[in-house]
Amino acid sequence: MLRSLFEIAGVVLLRFPWHLRVWAMLVVVTNLAAIAFLGVIEGQVVILAILVALLIMAVIYKRLGFVRLLGLGHITWFAMLPWLFFRLPSAESMPWLYGWLVTLLVVNSICLVVDSVDVTRFALGDRKPHYRLRPNSKSGMGT
């Protein structure tokens, strides 16, 4: 499982065009900022969503490789983002939390749109792996 996650990270951080690497890092840093907010329910929920996403993506990658379906990992965001939006008023008295939540909502919403397009394209038949780290391997690294 961990190997799959490292391989996904390697593809994203080493093989994507620079502007997509920057975007991916923004998504990762924004979400991992939840560690600073573990004392509040919002931070805990985001960490849980990250763990679920990583599990889903690792399973998909291990079975199918680096395909558009990986965006399915963020499926929990369909519930998390509206919930966080409705939590904003209760965070107004805490500027750091409020700022992080607004940033998270914007970044993850954009990411969810991109992921939705990718998953839809996969469902419509665009199933070829985007990257292969070794020729003739399904997951990118061989077996």
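Note that these values count all heavy atoms, side chains included, but never hydrogens, waters or copies made by symmetry. All values derive from a computational prediction rather than experimental measurement.
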Inset, instruction - For atom CH2 of W96, decide whether the heavy atoms of other residues, nucleotides or ligands shown that lie under 6.0 angstrom number more than 12. - result: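 At most 12 heavy atoms, drawn from other residues, nucleotides or ligands, come within 6.0 Å of this atom.
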Least distance between heavy atoms, [X] atom then [Y] atom:
| X | Y | answer |
| --- | --- | --- |
| A33 | W100 | CB-NE1, 3.5 Å |
| S116 | F78 | OG-CZ, 3.6 Å |
| T103 | T30 | CG2-CG2, 4.0 Å |
| E42 | L97 | OE1-CD2, 4.2 Å |
| G43 | A34 | O-CB, 3.7 Å |
| V12 | F16 | O-CB, 3.2 Å |

Check: [Y] and [X] side chains under 4.5 Å, non-hydrogen atoms:
| X | Y | value |
| --- | --- | --- |
| F37 | Q44 | no |
| R127 | L64 | no |
| W77 | S109 | no |
| R68 | V119 | no |
| Y61 | L5 | no |
| D118 | L69 | no |
| K128 | V67 | no |
| R3 | F6 | no |

Atom [atom1] in [X], atom [atom2] in [Y]: separation rounded to 0.5 Å?
| X | Y | atom1 | atom2 | value |
| --- | --- | --- | --- | --- |
| N108 | L84 | CG | CG | 8.5 Å |
| L105 | L112 | CG | CG | 11.5 Å |
| I60 | L55 | CD1 | CG | 9.5 Å |
| L13 | M25 | CG | CE | 6.0 Å |
| D115 | L72 | CG | CG | 9.0 Å |

Inset, instruction - Check whether any side-chain N or O of N31 sits under 3.5 Å from a backbone N or O of V27 as a donor-acceptor pair, and report yes or no. - result: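 Judged by distance alone, yes, a pair lies under 3.5 Å.
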Inset, instruction - Output yes when a side-chain donor or acceptor of S90 lies under 3.5 Å from a complementary backbone atom of R87, and no otherwise. - result: yes
Count I, L, V, M, F, W, Y as connected when their side-chain heavy atoms are under 4.5 Å apart, and connections chain through other members. Are [X] and [Y] then in the same cluster?
| X | Y | answer |
| --- | --- | --- |
| M1 | V52 | no |
| V106 | V45 | yes |
| V117 | L70 | no |
| M57 | L2 | yes |
| V102 | L26 | yes |

Inset, instruction - Take W83 and I41 through the test side-chain contact (heavy atoms from CB on, under 4.5 Å) and record every step on the way to the result. - result: CA-CA 11 Å; W83 181 78; I41 189 69; 3.8 Å; yes
Inset, instruction - With side-chain contact (heavy atoms from CB on, under 4.5 Å) as the test, would you mind laying out the steps for C111 and W23 before giving the verdict? - result: CA-CA 9 Å; C111 190; W23 170 252; 4.1 Å; yes
